[in-house]
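Data block below; observations after.
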Amino acid sequence: ATNRLRFVSASGDSSACVISYNGTYTVQLNGSKYVTFRKIGITSTSQYALYFIGTSPSEDSIANCLITAPSGATGSYVGIYGGTTGVITNLTIYNNAIVNGYYGIQWNGNCCTQADIINFIGNTFTNQYQYGFYSYYAGGIYFNNNTITSNTTVTNFYGASINYTPSNGRALQCNNN
């Protein structure tokens, strides 16, 4: 289907329209296609706020949202998590405030099926415990114009850790962060 499913705050204020849940994940997108969240708050009080999983999500966008994960030293405290079994195409995470978590964004691919294009552009990462952005076996990443503010209580904080990018022609771009 090419009809886009949109979740948009009527007030235009992501702090006034909040989806919150105390479970494994607040919002799970499993193999989703053509889904947009705009100006929505997504808050987890337990583990993952926004969870991409499944086979080949594509054409999804998360824009102007307030993504809040729990604070602390637990690796499953994640603002946005991606772990898929297929090739991701044209996913855009744009202009969001990503607050707390062990990871702001954790994106895990695998050695054989990596992303074609994932755009992480203009996001603000605040108060993560260990990593603002972490990727593993993820190619086709455009990580541009993001602002990362560390949690000053941790001595080994990583703003962005991009690991095992492919050598098969899929681009990696990291500018103006």
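For the pair Gly101 and Ala69, the tightest heavy-atom approach, listed with the atom from each and the gap, is CA-CB, 3.8 Å. Counting all heavy atoms, side chain and backbone alike, Ser46 lies closest to Asn22 at CB-OD1, 3.1 Å. Between Ile67 and Gly79 the shortest heavy-atom distance is CG2-O, 3.4 Å. The minimum heavy-atom distance between Gly12 and Lys39, with the atom names listed, is O-CD, 3.5 Å. Contact between Pro70 and Ser44 at its shortest, heavy atoms only, is CD-O, 3.4 Å. The shortest non-hydrogen separation linking Phe143 to Ile148 is CZ-CD1, 4.1 Å.
With hydrogens and angles ignored, the 3.5 Å screen pairs no side-chain donor or acceptor of Ser61 with any backbone N or O of Ala63. Side chain of Asn127 to main chain of Ser71: no donor-acceptor pair is present (N/O by atom type, distance under 3.5 Å, no hydrogens or angles). In terms of modelled atom types and a separation under 3.5 Å, the side chain of Asp60 and the main chain of Tyr34 share a donor-acceptor contact. Side-chain atoms of Asn176 do not come within 3.5 Å of backbone N or O of Asn144 as any donor-acceptor pair. A donor-acceptor pair is defined here as one N or O able to donate and one able to accept, closer than 3.5 Å; such a pair exists between the side chain of Asn96 and the backbone of Ile62. Side-chain atoms of Gln128 come within 3.5 Å of backbone N or O of Thr126 as a donor-acceptor pair.
By the criterion of side-chain heavy atoms lying less than 4.5 angstrom apart, applied directly or through intervening Ile, Leu, Val, Met, Phe, Trp or Tyr residues, Ile121 is not grouped with Val99; the two fall into different hydrophobic clusters. Neither Val18 nor Ile40 shares a network with the other; the hydrophobic side chains, linked directly or stepwise wherever heavy atoms of I, L, V, M, F, W or Y lie under 4.5 Å apart, form separate groups for each. Cluster membership check: Leu66 does not share its hydrophobic cluster with Phe120, using side-chain heavy-atom separations under 4.5 Å among Ile, Leu, Val, Met, Phe, Trp and Tyr. Grouping the Ile, Leu, Val, Met, Phe, Trp and Tyr side chains by contacts below 4.5 angstrom, directly or via other members, places Val35 apart from Tyr21.
Residues Leu91 and Trp107 form a side-chain contact, since some pair of their non-hydrogen atoms from C-beta on lies under 4.5 Å apart. Annotation: side chain of Asn119 is not in contact with side chain of Tyr94 (no heavy-atom distance under 4.5 Å). Side-chain atoms of Ser58 and Asn90, non-hydrogen and from C-beta on, never get closer than 4.5 Å to each other. Counting only heavy atoms from C-beta outward, the side chains of Thr43 and Thr26 never approach each other to under 4.5 Å.
With Tyr102 as the fixed residue, the ring-ring contact (aromatic ring centres under 6.0 Å, His included) test singles out one of Tyr158, Phe157, Tyr129: Tyr129.
Between Tyr51 and Tyr25, the angle of the ring planes stays under 30°, which puts this pair in the parallel group of the 30/60° scheme. Ring geometry, Tyr131 versus Tyr134: the interplanar angle exceeds 60°, so the pair is classed perpendicular (tilted spans 30 to 60°).
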Q: I would like to know whether Phe37 and Leu29 meet side chain to side chain contact (heavy atoms under 4.5 Å, CB included); could you show each step before the answer?
A: CA-CA 11 Å; Phe37 284 86; Leu29 298 173; 4.2 Å; yes
Practice item. Apply side chain to side chain contact (heavy atoms under 4.5 Å, CB included) to the pair Asn146 and Phe125, showing each step before the final yes or no. Key: CA-CA 8 Å; Asn146 298 286; Phe125 295 81; 4.0 Å; yes
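From Thr36, atom OG1 reaches atom CD of Glu59 across 10.0 Å, with rounding to the nearest 0.5 Å. Here Phe133 contributes atom CZ and Gln106 contributes atom CD; the two are 10.5 Å apart, rounded to the nearest 0.5 Å. Distance check: Tyr81 OH to Tyr103 OH gives 9.5 Å after rounding to the nearest 0.5 Å. Summarising the geometry, atom CD1 belonging to Ile93 is positioned 4.5 Å from atom CD1 belonging to Ile80; distances are rounded to the nearest 0.5 Å. Between the CG atom of Asn177 and the CG atom of Asn123 there is a distance of 9.5 Å, given to the nearest 0.5 Å. Taken from CG in Asn145 to CG in Asn175, the straight-line distance is 7.5 Å, to the nearest 0.5 Å.
Under the side chain to side chain contact (heavy atoms under 4.5 Å, CB included) criterion, Gln47 pairs with Thr24, Ser76, not counting sequence neighbours.
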